[in-house]
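Counting begins at 1 with the first residue of the sequence. Quick caveat: nothing in here was measured; it's all calculated off a predicted structure.
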Amino acid sequence: MNEMNNSANAAVYTPEQAEALEEHITEHFGDFPKVFRDNSPSDVKVDIAVIPPDDDRYFVTLVTMGLGAYRMRLPKELRTQKLDRAELVLCLPANWDFDTENPHTMWPVELLNRIAHLPVRHRSWIGWGHSVDYSKPFTEDTDLSAVLLLSPSFGREAAVCRLPDGEAVNFYQVIPLYDIEMRYKIDHGTDALLDRFGDDLDPVVDLDRRPVVDSSTFELIDRVDDHACKIEEKQLDISEINGANHIAMFLRWCIDRDLIDEEFKDFFADELDIRRFIINSLSGELTKEILSEEGKAFASFYYDFYADADSPCYPEDVDRVALEYFGKEKYECEEFADEAYLFLPYGDEYYGRISTYISKNYRIFRGNA
């Protein structure tokens with residue numbers, strides 16, 4: 001049960017919990033001489049600690065204090081994982097000057113309040129990888145208009161505060177996003193977006209940073225490096241060119257069905273090694289640019305790593321072919337390290353097996369068109 005403030009009817013920490021939380025913030029995020037108090041009439045009171053730069057940190061840090069007093073409503077399968085309490089962290093440039101009369105400087109405070117009240121208002125929850133789209137820029141000074149929640153950049157121990165009663169409060173870093181990054185995250189998932197950031201993900205808000213994706217990114221269907229890297233990381237006993245196998249199979253099927261853009265048709269001779277064409281001539285990336293309009297639409301329909309469970313999904317069909325080819329025991333063997341699809345021998349038998357699935361889903365696509 002949440003402790004309730006009877007006069008305000010709001011969830012609040014007990015004195016012991018509040019003390020433990022403040023000690024955690026001080027130890028892992030820094031001293032907070034200033035606090036923005038939440039005086040709004042709501043179901044949860046969310047104060048915001050303001051931690052100035054110091055010798056170790058070149059930025060201002062905002063940390064919420066109060067959201068974790070409210071136990072969020074988790075999906076049934078997560079209720080044993082102690083994810084029902086959360087607080088938020090946001091980092092700003094060191095020269096940030098808060099002026100309560102100036103919305104251009106106060107929007108980060110307002111943003112944290114808006115995020116913090118979402119679980120209460122919608123009887124839901126927030127956690128790692130969750131995102132929120134606000135549809136319009138946070139301020140006239142930037143086009144940033146969405147947020148992504150990640151683990152805090154202050155070290156592993158900063159991520160969780162243990163309360164005296166054994167409860168856990170999870171801290172999440174708020175990373176502002178552009179609309180185009182938000183759309184990419186929705187289409188491809190959090191991990192794919194983080195790959196786009198690479199080592200350039202700075203937790204400190206930069207109102208002028210360049211987006212890590214652009215409109216051309218949405219033409220990408222698949223990338224050889226995303227699969228070849230697994231061969232290296234897991235030290236699989238196969239050539240890195242196997243990372244192109246299933247991509248080449250899909251492209252071969254599109255070539256056979258005349259779903260290629262006119263501009264590219266002359267590239268494809270009978271003896272062409274499609275894998276090497278993708279790697280050498282397409283920079284290892286299969287994009288919609290190479291397909292006809294119908295081919296593009298079919299790829300959008302079918303070649304989706306993040307499709308719903310009931311939706312057609314080419315990567316899942318590739319895995320099905322691997323399971324059928326190797327059998328369950330071999331498919332799950334230690335040698336394959338959960339990457340059996342990379343071990344499928346490249347050739348006509350593979351193509352025949354996967355073509356059955358592609359053609360079936362192409363018929364479904366045509367029936368829905």
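- Within the 4.5 Å cutoff, side-chain heavy atoms of Ile115 are placed close to those of Tyr134.
- Salt-bridge annotation for Glu349 and Arg353: present, with a side-chain N of the basic residue lying under 4.0 Å from a carboxylate O of the acidic one.
- Geometric assessment of Arg275 against the ring of Tyr346 yields a positive cation-pi assignment under the 6.0 Å and 45° thresholds.
- The environment of Glu77 atom CD is dense: over 12 non-hydrogen atoms of other residues, nucleotides or ligands sit within 6.0 angstrom.
- Each of Leu92, Val60, Asn95 was scored for a side-chain contact (heavy atoms from CB on, under 4.5 Å) with Pro53, with one residue passing: Val60.
- Using a 4.5 Å heavy-atom cutoff, the side chains of Val318 and Tyr350 are in contact.
- Between Phe29 and Phe171, the gap from one ring centroid to the other is short of 6.0 Å.
- Taking the six-membered ring where the residue is Trp, His24 and His28 present tilted rings, their angle falling between 30° and 60°.
- Looking only at distances, a side-chain donor or acceptor of Glu87 sits under 3.5 Å from a matching main-chain atom of Gly66.
- Atom CZ of Arg79 sits in a crowded spot, with more than 12 heavy atoms from other residues, nucleotides or ligands closer than 6.0 Å.
- One hydrophobic cluster, built from ILVMFWY side chains closer than 4.5 Å, cannot hold both Val160 and Val89; they sit in different ones.
- In this structure, Glu157 places its CD atom where only 12 or fewer heavy-atom neighbours from other residues, nucleotides or ligands lie under 6.0 Å away.
- Look at Arg209 and Glu181 and you find a salt bridge, because one of the NZ, NE, NH1 or NH2 atoms lies within 4.0 Å of a carboxylate O, short of that distance.
- Judged purely by atom type and a 3.5 angstrom limit, Lys234 uses its side chain to pair as donor or acceptor with the backbone of Ala337.
- Below 30°, between 30° and 60°, or above 60°: for Tyr314 and Phe250 the angle between ring planes is between 30° and 60°, a tilted geometry.
- For the pair Leu344/Met249, no side-chain contact is recorded, criterion being any heavy-atom separation below 4.5 Å from C-beta on.
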### Task
Tell me, with the steps shown, if Thr287 and Leu282 meet side chain to side chain contact (heavy atoms under 4.5 Å, CB included).
CA-CA 8 Å; Thr287 67; Leu282 301 181; over 6 Å; no
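- A donor-acceptor pair under 3.5 Å links the side-chain atoms of Arg85 to the main chain of Gly68, judged by distance alone.
- In this structure, Ser145 OG and Tyr178 OH are separated by 9.5 Å, a value rounded to the nearest 0.5 Å.
- A tilted orientation is assigned to the rings of His246 and Tyr303, their planes being inclined by 30° to 60°.
- A salt bridge links Arg71 with Asp84: at least one charged nitrogen is closer than 4.0 Å to a carboxylate oxygen.
- Using a 30° and 60° split on the angle between ring planes, Phe365 and Phe298 fall in the tilted class, from 30° to 60°.
- Between Gln173 and Cys91, the closest side-chain pair of non-hydrogen atoms falls below 4.5 Å.
- Here the shortest heavy-atom pairing between Ala18 and Tyr13 reads N-CB, 3.7 Å.
- Here the side chain of Asn242 pairs a donor or acceptor atom with the backbone of Leu342 at under 3.5 angstrom.
- With sequence neighbours excluded, the residues satisfying salt bridge (charged side-chain N to carboxylate O under 4.0 Å, His left out) with Asp317 are Arg320.
- Salt-bridge check for Glu233 with Lys230: failed, with every basic side-chain N at 4.0 Å or more from each acidic carboxylate O.
- Asp38 places no side-chain N or O within donor-acceptor distance of the main-chain N or O of Lys45, the cut-off being under 3.5 Å.
- Enclosure of atom CD in Glu285 by more than 12 non-hydrogen atoms of other residues, nucleotides or ligands within 6.0 angstrom is indicated.
- What you find for Trp253 and Tyr362 is that their closest heavy atoms are CH2-CG, 3.4 Å.
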### Task
Walk me through it: do Glu289 and Glu263 pass the test side chain to side chain contact (heavy atoms under 4.5 Å, CB included)?
CA-CA 10 Å; Glu289 177 186 22; Glu263 182 180 345; 5.7 Å; no
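- Remark: Lys34 NZ to Ile48 CD1 distance equals 11.5 Å, nearest 0.5 Å.
- Taking the side chain as every heavy atom from C-beta outward, Tyr351 and Asp256 approach each other to under 4.5 Å.
- For Asp348, the CG atom counts as loosely surrounded, since its 6.0 Å shell holds 12 or fewer non-hydrogen atoms of other residues, nucleotides or ligands.
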### Task
Output, in order, the C-alpha distance, side-chain angles, deciding distance and verdict of side chain to side chain contact (heavy atoms under 4.5 Å, CB included) for Trp128 and Leu150.
CA-CA 5 Å; Trp128 189 94; Leu150 299 175; 3.8 Å; yes
### Message
What verdict does the side chain to side chain contact (heavy atoms under 4.5 Å, CB included) test give for Val205 and Phe59, after you've listed the backbone C-alpha separation in whole Å, the side-chain angles of each residue and the deciding distance to 0.1 Å?
### Response
CA-CA 9 Å; Val205 173; Phe59 45 81; over 6 Å; no
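- Taking the centre of each ring, Tyr341 and His227 come in below the 6.0 Å mark.
- With Ser292 contributing its side chain and Leu259 its backbone, the two residues share a donor-acceptor pair below 3.5 Å.
- Remark: Asp338 CG is loosely packed, at most 12 non-hydrogen atoms of other residues, nucleotides or ligands lying under 6.0 Å away.
- Asp54 places a side-chain N or O within donor-acceptor distance of the main-chain N or O of Arg57, the cut-off being under 3.5 Å.
- Surrounding CG of Asp165 are more than 12 heavy atoms belonging to other residues, nucleotides or ligands, all under 6.0 Å away.
- Thr64 places a side-chain N or O within donor-acceptor distance of the main-chain N or O of Leu88, the cut-off being under 3.5 Å.
- With hydrogens and angles disregarded, no donor-acceptor distance shorter than 3.5 Å links the side chain of Glu240 to the backbone of Ala228.
- Ion pairing between a basic and an acidic side chain is recognised when a charged N comes within 4.0 Å of a carboxylate O; Arg276 and Asp273 show such pairing.
- At least one side-chain heavy atom of Pro108 sits less than 4.5 Å from a side-chain heavy atom of Trp96.
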